[in-house]
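As structure tokens, the structure follows; a few thoughts come after it.
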Amino acid sequence: MTIGTTVDLHTRLATTLEIPPPGQAEARLAQSLAYGAAGVALLHIERARAGDADWAPAHAWLTAATQNSLSAGASAGLSYGVPAVAFATRAAADRPGKLHRALTSLDTSVTTLTRQRLATAHARIDRGALPWVGEFDAIHGLCGIGVYLLNRDPHAAITRQVLAYLVRLSEPVTHDGEVLPGWWAAGSPRGRLSPGFVQGHANTGMAHGVGGVLALLSLALREGVAVCGHREAIDRICGWLDRWRQDDPVGPWWPYWITRGQLRGEDPLPTTPARPSWCYGTAGIARAQQLAALATGDRQRQRIAEKALVGCFTDLRQHHALSDVGLCHGKAGVAHIAAVAARDADSDEQLAHHARELFAALARDAVRKLPEPPGGAGLLDGRAGIALALRSAHASHRSISGWDTCLLID
């Protein structure tokens, strides 16, 4: 499978999504960065900014994303509502005029929402209660909103306030007589009460766990943005991940989460690694630790993270678990992680080689398994995300629009 093939497939996917489809389902999801028009807009913004296409499709999808009143309530986060549309708009904001005025209005709403969420989160910590994953995660919570703020204005007071909250979240707490990490979440990974998670869990993933928190703190530090206790928070999170790292001959890996029974040693840990996707699994967690190592100058951690990445790309147990082709939990996300990690690696040839192989596998599988629009049009699981990942197969530089910063991997 040649690079030309991935370029051709990228173009084919992009042209199938040039006009926003009509219909109630699409209207309901329009303001979704994960599954709707806001996410599809990112594909066309990246292409327009690169000079590969004109701006008409990007403007059409941005318009579709704002066809209804934008959510700034409990459901709003980087994946949906005001922050999601703001993220997509910022990606196109080198365009003059009305777009800048719209972004200023969106910024005001994001700042107001963030202050409300921060007040609620600090009050929860003051009460000694455990968080739900939606308070801090990358999809719904303050970590995801922090991604937008860090990209929009890294040195703004509200950006630093989110980082300070994440530092506080990393501090240990005592709950029911046990010392737990501050991100020990009530309920299940889905943010619900569940018989299997009566005493909550500590989530390691990028999408809903401390992997995303570590990545954001590390990205901020690499940008020269640091708050009191910032480095110590990174060290605490890395120490927790070290505690639960499973050293395998193929390469290190991490469980998706730790339960209270596992914390006490009463219940066994998994004996084999699960799917190594962006949202959960070794690919995302290892990239977060590579970013932490780069931010702090920890060469040993960088070597371990890069060994883990190579391992999850070569371990047949993990590779065969990647049956999906999307960004979130499929081959597109893993291939893109390989590409961005290779640019930062001590010796990039091994990771770059695996990135090429993963993109070739993605192109082969995507031809057979392409999700169909309208439901399969979006960024996380659909054609827009696959097309953006395929574009990175032939790019040796960071994305022009910064679309992949929403994944906390770059």
Side-chain angles (χ1 to χ4, degrees), residues 29-47 49 58 61-62 65 70 75-93 103 106-107 110 113-114 134 136-154 159 162 166 205-209 211-220 222-223 277-280 283-284 287-288 291 326-330 332-337 339-340 377-389 391-392 398-410:
L29 290 175
Q31 57 190 285
S32 171
L33 192 74
Y35 306 111
V40 180
L42 289 177
L43 167 61
H44 297 293
I45 291 165
E46 178 74 12
R47 286 169 56 79
R49 290 191 62 168
W61 283 96
L62 281 173
L70 299 181
S75 61
L78 184 62
S79 71
Y80 185 80
V82 167
V85 174
F87 184 92
T89 305
R90 187 212 60 82
L103 190 55
L106 288 165
D107 281 342
V110 171
L113 173 65
T114 306
F136 62 84
D137 75 3
I139 301 296
H140 307 290
L142 281 160
C143 183
I145 294 172
V147 171
Y148 171 72
L149 295 170
L150 184 66
N151 280 277
R152 180 66 172 140
D153 189 349
T159 308
V162 171
L166 294 176
M206 286 286 273
H208 298 295
V213 176
L214 177 62
L216 182 60
L217 288 170
S218 302
L219 289 165
R222 289 187 81 190
E223 288 285 318
S277 52
W278 166 76
C279 55
Y280 280 103
R287 174 56 177 168
L291 289 170
L327 272 181
C328 184
H329 42 263
V334 171
H336 192 61
I337 288 172
V340 296
L379 181 71
L380 276 191
D381 293 329
R383 292 186 174 208
I386 296 167
L388 280 164
R391 179 179 174 77
S392 69
R398 298 177 72 178
S399 66
I400 298 168
S401 66
W403 72 267
D404 51 354
T405 59
C406 69
L407 301 175
L408 288 154
I409 61 172
D410 205 10

Task: Side-chain (S401) to main-chain (A91) donor-acceptor, under 3.5 angstrom - done: no
Open item on the list: Keeping R287 on the side-chain end and I337 on the backbone end, is there a donor-acceptor pair under 3.5 Å?
Closed with: no
Report the distance from atom [atom1] of [X] to atom [atom2] of [Y], rounding to the nearest 0.5 Å.
X: R47; Y: L388; atom1: CZ; atom2: CG; answer: 9.5 Å
X: L42; Y: R49; atom1: CG; atom2: CZ; answer: 11.0 Å
X: L149; Y: T114; atom1: CG; atom2: OG1; answer: 5.0 Å
X: L380; Y: I386; atom1: CG; atom2: CD1; answer: 11.5 Å
X: D404; Y: R391; atom1: CG; atom2: CZ; answer: 11.5 Å
X: H336; Y: D410; atom1: NE2; atom2: CG; answer: 6.5 Å

[X] versus [Y], closest heavy-atom pair with distance:
X: L43; Y: A387; result: CD1-CB, 3.8 Å
X: L106; Y: A86; result: CD1-CA, 3.8 Å
X: A65; Y: A38; result: CB-N, 3.8 Å
X: S277; Y: G330; result: CB-N, 4.4 Å
X: A84; Y: S79; result: CB-C, 3.8 Å
X: Q31; Y: V85; result: CB-CG2, 3.9 Å

Open item on the list: side-chain contact (heavy atoms from CB on, under 4.5 Å) for L33 and C406? Distances and angles first, verdict last.
Closed with: CA-CA 9 Å; L33 192 74; C406 69; 4.1 Å; yes
Would you mind writing out the side-chain donor-acceptor pairs for residues 136-145 within the sub-3.5 Å range, not counting sequence neighbours?
residue: D137; atom: OD1; partner: I139; partner atom: N; Å: 3.3
residue: D137; atom: OD1; partner: H140; partner atom: N; Å: 2.7
residue: D137; atom: OD1; partner: G141; partner atom: N; Å: 2.9
residue: D137; atom: OD2; partner: H208; partner atom: ND1; Å: 2.7

Is there a side-chain contact between [X] and [Y] in this structure, where contact means two heavy atoms from C-beta onward sitting under 4.5 Å apart?
X: I45; Y: W61; value: no
X: L113; Y: P83; value: yes
X: M206; Y: I409; value: yes
X: H329; Y: D381; value: yes

- [ ] Assess whether side-chain contact (heavy atoms from CB on, under 4.5 Å) is satisfied between L150 and V162, documenting all intermediate values.
- [x] CA-CA 10 Å; L150 184 66; V162 171; over 6 Å; no
Task: Pairing residues for W278 by the ring-ring contact (aromatic ring centres under 6.0 Å, His included) criterion, not counting sequence neighbours - done: none
Open item on the list: Suppose we screen for side chain to side chain contact (heavy atoms under 4.5 Å, CB included). Which residues come up paired with D107, at least two apart in sequence or across chains?
Closed with: L103, Y148, R152
